[in-house]
Every structure is written in C-alpha cells, then in structure tokens.
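Worksheet: the structure to be examined is printed underneath.
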Amino acid sequence: MCTQPTPLELASLHAAAFTDQRPWSAAEMQALLSSPHVFVAGLDQGFVMGRTVLDEAELLTIAVDPDHQGHGIGRQLLSAFEDQARARGAIRAFLEVADDNTAARALYGSAGWTESGRRVGYYARHTGDSVDAILLEKQLPLREPSE
C-alpha cells in the first residue's frame, strides 16, 4: 500500500488480523474515513487508524497481516500513529485492547502506554465468550527538533 489504502484493502487486512472477532467491513472503514478527524498510516503488511479531536487522539485499530507479525511492523505503525496524532495537535492518546491480546499489550506497554480502566466483557468472540477491554492512555509530548 504505497498510496492511501482503500476501504476494501483496510477491511481485508483487518479481517486477516482479527480472526477471533467480527472484523470491520469496507463500508465501516469508508464511514470512518469520511470524517476529517480520522487518519490512516499504512504499509503493505498492516495499517493503523486513528482519530483526533481537539488535543486528544484515539487509536481506533492497528492491524498487521499475520504472516508479518513479530517483525516490528506493529511498532512502526504505533509510532506513525503517535507522530500523526502529535502533528494534528494531540497531547494525549487513548486506545483499548482485548485483555487476551498479549502481543498488543506488550507492544503498548513497551511504548509507554499505561492502563487507565477496563470495560468488562466488551469484546465478543466467535466462541460466544467475551473478553474485557483494557483502556490505555499515553501523554504525547512535543518532540524535540532533533528527534
């Protein structure tokens, strides 16, 4: 995805990355992208979607093709989200992650995100089970010019 990914490409990657829950459809991706507050950073192997409103940003989703997970792509995408959020004026960011998504939780923890809450039973799984959402936040200080 050298150019802006299409809603269909985003939905396809999201479905590949999130096999244990209902993935977002191309129509849902298009609806999100129609907002001037929503932005996407993408690579051929994954993408991150965020939203900024005033001085706050929300990481809506980050998806990496399963064949390319574990190679630092998620970290690159998370960094791109933080950079774009800062560029749009955000000084604080939020996200939610499934309690059982240990790889994502480790990534966010290593990048300085801290737990701020929990939504009990938030994510429905195909098995009929539900999993808590862990709410995370991070301050996004302005970067020094040398960074």
Side-chain angles (χ1 to χ4, degrees), residues 1 4-43 45-143:
M1 278 185 246
Q4 179 73 18
T6 68
L8 187 57
E9 290 170 325
L10 295 173
S12 178
L13 258 172
H14 197 267
F18 293 96
T19 58
D20 57 352
Q21 63 192 46
R22 186 189 71 78
W24 296 357
S25 70
E28 289 167 318
M29 295 292 185
Q30 180 60 50
L32 285 164
L33 292 170
S34 69
S35 168
H37 302 289
V38 173
F39 60 91
V40 173
L43 305 167
Q45 306 86 5
F47 74 94
V48 63
M49 182 180 288
R51 171 175 35 216
T52 54
V53 177
L54 300 174
D55 64 350
E56 293 184 342
E58 179 184 12
L59 193 156
L60 297 171
T61 193
I62 186 168
V64 176
D65 184 309
D67 292 338
H68 298 280
Q69 291 174 358
H71 300 289
I73 294 168
R75 186 168 305 284
Q76 291 175 34
L77 293 169
L78 182 59
S79 180
F81 162 79
E82 292 176 9
D83 290 345
Q84 285 198 34
R86 271 189 209 92
R88 291 167 165 258
I91 60 172
R92 193 166 104 166
F94 303 91
L95 64 83
E96 58 192 36
V97 61
D99 190 26
D100 62 354
N101 190 340
T102 54
R105 291 187 65 193
L107 169 64
Y108 299 136
S110 71
W113 291 75
T114 58
E115 188 170 334
S116 60
R118 178 179 292 260
R119 292 187 176 125
V120 177
Y122 184 76
Y123 291 105
R125 298 294 191 224
H126 292 304
T127 61
D129 295 333
S130 62
V131 176
D132 293 354
I134 306 300
L135 308 178
L136 302 175
E137 67 178 80
K138 182 178 181 178
Q139 298 300 312
L140 299 175
L142 295 176
R143 290 192 177 205

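FYI, the numbering just counts along the sequence from 1.
- Within the 4.5 Å cutoff, the side chain of D99 has heavy atoms near those of the R118 side chain.
- Heavy atoms only, all atoms of each residue included: F39 and F81 are closest at CZ-CD1, 3.6 Å.
- A pairwise comparison of heavy atoms in A57 and T52 identifies CB-CG2, 3.8 Å as the closest pair.
- Distance CZ/R119 to CG/L135: 5.0 Å, rounded to 0.5 Å.
- Two residues are said to be in side-chain contact when any heavy atoms from C-beta on lie closer than 4.5 Å; R92 and D55 fail this criterion.
- Nearest approach of R125 to A98, heavy atoms of both residues: NH2-CB, 3.3 Å.
- Note: F47 and H14 have tilted aromatic rings, judged against thresholds of 30 and 60 degrees for the angle between ring planes.
- No side-chain donor-acceptor contact under 3.5 Å links S79 to the backbone of Q76.
- Minimum heavy-atom separation, A26 to P7: O-CB, 3.5 Å.
- Proximity of I62 to L95: side-chain heavy atoms (C-beta onward) are nowhere separated by under 4.5 Å.
- To the nearest 0.5 Å, atom CZ of residue R86 and atom CD1 of residue I91 are 11.5 Å apart.
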Would V97 and W113 count as a side chain to side chain contact (heavy atoms under 4.5 Å, CB included) if you check the C-alpha gap in whole Å, the side-chain angles of each, and the deciding distance to 0.1 Å? CA-CA 11 Å; V97 61; W113 291 75; over 6 Å; no

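- You'll find the side chain of L78 reaches within 4.5 Å of the side chain of L59, heavy atoms only.
- The shortest distance between side-chain heavy atoms of M49 and M29 falls below 4.5 Å.
- The shortest side-chain heavy-atom distance between E58 and H37 does not fall under the 4.5 Å cut-off.
- In this structure, OG on S25 lies 10.0 Å from CG on L8, to the nearest 0.5 angstrom.
- Residues N101 and Y123 are not in side-chain contact: their nearest non-hydrogen atoms beyond the backbone lie 4.5 Å or more apart.
- Here the shortest heavy-atom pairing between L140 and A85 reads CD1-CB, 3.9 Å.
- K138 places no side-chain N or O within 3.5 Å of a backbone atom of E82 that could act as its donor or acceptor partner.
- Rounding to the nearest 0.5 Å places OG1 of T61 at 10.0 Å from CD of E96.
- A heavy-atom distance below 4.5 Å is found between the side chains of L32 and R51.
- Closest heavy-atom contact between L13 and Q45: CD2-O, 3.9 Å.
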